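Every value quoted in this text rests on a predicted model; they were computed, and no experiment measured them.
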Amino acid sequence: MKIIRAELKDLPVLSPLFDAYRVFYEQPSDEKGAAAFLKERLQREESIVFIGYEKEKAAGFVQLYSTFTSLGMQRAYILNDLFVHPSCRQKGIGKALMHIAFQFCESEGAKFVTLQTAKDNKTAQTLYEKVGMQRDTKFYSYFKSLT
């Protein structure tokens with residue numbers, strides 16, 4: 001297994017994975033839109049993406065967005081997206097991507113890494129707990145759709 005930090009030149013292998021990730025979350029397939037979205041994030045340096053390869057095949061990715069903690073007065077990261085292609089699951093790729101994401105965040109002096117997952121995504125929850133993440137019991141998460 002090999003993990004690289006994604007660059008613009010990696011869009012042809014990253015975009016199909018990102019599109020499959022969106023389809024997993026019941027969004028319509030839109031590989032051109034996925035490529036445009038990722039290109040903009042990478043060009044503007046608005047996200048950090050790592051791609052995991054298994055035998056030369058792009059098998060999964062993790063995407064981080066930078067934010068800040070006002071109380072901690074430090075940088076923090078949102079682990080917004082983690083996806084492993086179904087044919088590559090149960091091989092440690094998700095766990096390896098999580099670890100590289102944590103290492104990157106630590107190297108940037110981040111206070112913490114946070115993420116959200118669906119309540120019924122037990123497989124992901126098991127992985128997150130295995131790599132040391134803790135479920136938040138102090139705060140509720142709210143959101144308001146603006147479209």
Quick one: pull up [atom1] in [X] and [atom2] in [Y] and give me the separation to the nearest 0.5 Å.
X: Y21; Y: L82; atom1: OH; atom2: CG; answer: 8.0 Å
X: K111; Y: M73; atom1: NZ; atom2: CE; answer: 9.5 Å
X: F102; Y: M133; atom1: CZ; atom2: CE; answer: 5.0 Å
X: D81; Y: L115; atom1: CG; atom2: CG; answer: 10.5 Å
X: F83; Y: L97; atom1: CZ; atom2: CG; answer: 11.5 Å
X: I51; Y: I100; atom1: CD1; atom2: CD1; answer: 12.5 Å

If two hydrophobic side chains count as joined below 4.5 Å and joins carry through other members, does [X] share a cluster with [Y]?
X: I93; Y: L64; result: yes
X: I48; Y: I78; result: no
X: I4; Y: L11; result: yes
X: Y53; Y: F104; result: no
X: L79; Y: V84; result: yes

Report yes if some heavy atom in the side chain of [X] is under 4.5 Å from a heavy atom in the side chain of [Y]; otherwise report no.
X: M98; Y: Y128; answer: yes
X: D10; Y: L42; answer: no
X: V49; Y: F18; answer: no
X: E46; Y: R41; answer: yes
X: S87; Y: K57; answer: yes
X: K91; Y: E54; answer: yes
X: L38; Y: Q63; answer: yes

Item to complete: Please say whether the positively charged group of R89, taken as NZ for Lys or CZ for Arg, lies over the ring of F24, i.e. under 6.0 angstrom from the six-membered ring centre and within 45 degrees of the axis.
Response: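 The answer is yes; both the distance and angle limits are met.
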Margin query: Can you confirm whether more than 12 heavy atoms, excluding those of Q134, are under 6.0 Å from its CD atom?
Written below: no
Which heavy-atom pair separates [X] from [Y] by the least distance, and what is that distance?
X: P28; Y: R22; answer: O-NH1, 3.2 Å
X: A34; Y: S15; answer: CB-O, 4.0 Å
X: G60; Y: L17; answer: N-CD1, 3.7 Å
X: Q125; Y: A118; answer: NE2-O, 3.0 Å
X: Y65; Y: S47; answer: CE2-CB, 3.4 Å
X: G52; Y: I3; answer: CA-CG1, 4.1 Å

Residue pairs passing the side-chain hydrogen bond (donor to acceptor under 3.5 Å, both in side chains) test with at least one member in residues 136-147, sequence neighbours excluded, are Q116-S141
Under 3.5 Å, side chain of Q74 to main-chain N/O of G109, donor-acceptor pair present?
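Such a contact is found between Q74 side chain and G109 backbone.
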